[in-house]
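Values reported hereafter were calculated over all heavy atoms of this structure, with side chains retained and with hydrogens, waters and symmetry mates removed. Keep in mind that what you see is a predicted model, and the values were worked out from it rather than measured.
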Amino acid sequence: MQNSATPTHCPYCALQCGMNLTPAPDGTVEVTERADFPVNRGALCGKGRTAPAVLSSRVRLTSPLVRSEGKLVPASWDEALDRIAEGLSRTRTEHGPDACGVFGGGGLTNEKAYTLGKFARVVLGTSQIDYNGRFCMSSAAAAGMKAFGLDRGLPFPLEDIPKTGCVILVGSNLAETMPPALRFFSELRENGGTLIVIDPRRTKTAEQADLHLAPRPGTDLALALGLLHLVVAEGRVDEEYVRERTVGWEEARAAAMAHWPEYVERITGVDVPQLREAVRMFCEPEAAMVLTARGPEQQSKGTDTVGAWINLCLATGRAGRPLSGYGCLTGQGNGQGGREHGQKADQLPGYRKLTDPAARQHVAEVWGVDPDSLPGPGRSAYELLDALGTDIRALLLMASNPVVSAPRAAHIEERIKSLDFLAVCDVVLSETAALADVVLPVTQWAEETGTTTNLEGRVLLRRQAITPPDGIRSDLDVMHELADRLGVEKGFPTDPEEVFEELRRASAGGPADYSGITYRRLIEENGVFWPCPTPAESSDAGDHPGTPRLFLDRFATDDGRARFVPVSHRAIAEEPDDEYPVLLTTGRVVAQYQSGAQTRRVDELNAAAPGPFVELHPRLAERLGAKEGDRLAVVSRRGRAVAPARITTTIRPDTVFMPFHWPGEGRANTLTNPALDPTSRMPEFKACAVRLETVKP
């Protein structure tokens with residue numbers, strides 16, 4: 001164990017806040033401020049401050065577990081690895097390679113995500129791999145690719161936000177989901193800029209806004225189109241910009257003009273004067289931004305919804321210019337890098353398309369395999385989980401807890417139980433791991449070195465600060481050992497820097513080019529923004545500086561122009577009716593993270609957020625005869641969840657809210673709708689029809 005402070009990064013959200021870790025004599029680890037990292041300048045939320053609590057052997061896995069007579073019991077590493085290899089090999093032999101599935105996570109480092117994708121395609125030969133990041137920002141990624149030819153969460157650093165004139169923040173409660181980022185928006189207002197927050201709830205973030213618009217859940221698309229209609233009607237289109245830097249305006253304009261303000265008011269519940277005020281605030285400054293998060297993205301029309309907000313930016317000349325642009329606030333710690341390097345169903349490292357022959361050739365050469373041996377695209381995350389126990393008979397799962405986090409979660413739990421074989425790698429015994437045939441305890445963020453890519457596209461180096469306990473191995477060790485047992489003796493190194501060097505070669509020339517990034521540079525420069533290509537051998541230039549700001553000269557399309565994509569409002573997949581008259585929307589609270597598998601094991605965080613609740617308006621509570629703290633059943637077509645009532649005027653009367661961090665009877669994702677966006681395959685977490693019932697004590 002090291003004795004001095006190690007500079008590293010938080011294991012939780014996509015800010016990847018800098019922190020210092022110092023081991024203490026009593027075996028605990030102290031978190032101290034690291035002011036040199038520009039994203040958080042030393043500030044940490046409660047989750048970051050308490051992150052070392054999960055390192056404790058009191059709450060984590062410390063030995064491999066195997067199922068014996070229906071129970072998970074401790075086993076040796078050799079026995080556990082042999083069982084996994086046998087289960088995967090048997091499934092391949094009896095049912096074919098695509099009967100083996102692989103499910104990853106947005107918390108895996110770039111090295112692990114890269115190796116997992118390689119393992120699936122080279123060792124197992126399966127196309128059936130995806131990850132929980134599909135549930136995070138896939139709609140924004142798809143819309144960004146359509147419009148700009150490239151997907152990177154933010155095309156500019158967070159430090160640009162306080163310098164712009166106006167920000168429209170759509171469907172993000174960052175005051176609770178990534179609190180250290182709120183200061184950028186506070187500084188924006190201190191500098192004379194304005195903040196518009198769009199959210200059905202008056203959240204802690206919305207309380208900071210100059211203007212809060214509270215649309216009905218699932219109507220963000222109509223709202224964006226209504227704003228664009230007013231931009232056109234009020235003569236605020238940047239005609240020169242549209243002419244010189246975009247294509248497709250006429251079709252997008254025609255689609256927007258069908259969404260006149262009064263029509264949009266009826267759909268969204270946002271008054272026309274508020275719509276006009278939002279347009280004025282957004283268009284009057286020289287520079288402005290639109291930032292989206294899960295609210296508009298986690299819909300069955302999420303790609304079109306984000307596309308409509310991008311159209312608003314393009315029509316007003318707010319993309320590819322200094323201090324302006326569209327950006328997405330990535331959620332998971334490595335949600336950005338996690339999808340760039342091959343654990344997504346349709347992608348190869350470097351954000352290359354799996355269907356592109358040139359991409360397949362390049363990556364196959366790096367891997368030393370025949371490009372024809374690489375399988376094609378597989379199922380998206382929900383579709384993969386839905387196929388468990390039927391087409392997919394065995395599953396290797398890393399860093400994910402779909403029993404709590406997947407939509408229609410009770411159904412997914414049953415699909416997982418129906419598998420012939422399930423192996424899980426995790427740091428804790430999550431609700432999903434508890435169902436496994438084999439569970440492997442793996443190293444955590446503070447016990448290993450590896451890279452992540454934050455929401456800005458800034459590649460960072462997490463550094464090992466402490467030695468892992470005896471009996472704990474890294475995910476890279478696991479894949480090395482499994483590959484060896486399955487007949488692939490080379491190509492799966494356990495040293496993260498060696499893996500990263502291979503990742504550099506595999507990504508070279510791709511959209512997400514990391515080839516000019518090294519561990520040395522990440523340490524010396526406090527992170528490097530991709531794309532960062534290696535200079536040509538014939539060039540005398542030094543290291544490429546990285547690309548903090550994208551699109552200033554051209555967009556990443558063939559002709560360098562951004563694409564307008566014409567979109568029109570359509571209803572959510574499941575509108576309220578007489579049987580299910582209320583809308584449910586879901587989200588997070590400040591003291592918990594994702595499925596809660598780790599944060600629910602931290603006493604301080606549980607004291608702040610001990611369990612689920614149902615947030616509802618006093619008028620709705622009165623109709624039900626419900627009082628604060630009463631147990632309410634929320635019922636959808638997919639199931640029933642029960643939690644205490646939390647009555648507040650900060651939510652619309654036609655809407656209820658539940659956080660999704662808990663399992664059991666309060667599991668919000670029992671209720672959510674797996675209706676998928678046709679492009680991104682994102683499920684509709686943010687809106688479904690429910691009814692409420694009081695539950696007798």
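Side-chain polar atoms of D130 and S380 form no donor-acceptor pair below 3.5 angstrom. Counting only N and O atoms by type, the side chains of Q128 and D391 include no donor and acceptor under 3.5 Å apart. Looking at N673 and E684, their side chains never bring a donor and an acceptor atom within 3.5 Å of each other. Side-chain contact annotation: Q592 with N606, donor-acceptor N/O pair under 3.5 Å present.
For the pair N132 (side chain) and S400 (backbone), a donor-acceptor distance under 3.5 Å is absent. In this structure, the side chain of R339 does not engage the main chain of K344 through any donor-acceptor pair within 3.5 Å. H212 places a side-chain N or O within donor-acceptor distance of the main-chain N or O of R201, the cut-off being under 3.5 Å. In this structure, the side chain of T694 does not engage the main chain of L632 through any donor-acceptor pair within 3.5 Å. Side-chain atoms of N401 come within 3.5 Å of backbone atoms of T432 as a donor-acceptor pair (strictly under, hydrogens ignored). In this structure a side-chain-to-backbone donor-acceptor pair under 3.5 Å is present from R588 to T177. Side chain of H9 to main chain of R462: no donor-acceptor pair is present (N/O by atom type, distance under 3.5 Å, no hydrogens or angles). Formation of a donor-acceptor pair under 3.5 Å by the D630 side chain with backbone atoms of A645 is not found in this model. Between the side chain of S636 and the backbone N or O of L671, at least one donor-acceptor pair lies under 3.5 Å.
The ring-ring contact (aromatic ring centres under 6.0 Å, His included) analysis of residues 585-644, with sequence neighbours excluded, yields the pairs Y12-Y593.
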- Item | Full working for ring-ring contact (aromatic ring centres under 6.0 Å, His included) between Y131 and F103 | CA-CA 5 Å; Y131 83 127; F103 200 84; 8.0 Å; no

- Task: List the steps and the verdict of side-chain hydrogen bond (donor to acceptor under 3.5 Å, both in side chains) for T453 and Q336.
- Result: CA-CA 6 Å; T453 307; Q336 181 69 52; over 6 Å; no

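Between L182 and L174, the closest heavy-atom pair is CD1-CD1, 3.5 Å.
In this structure, Y382 and H411 have tilted ring planes: the angle between them lies in the 30° to 60° band.
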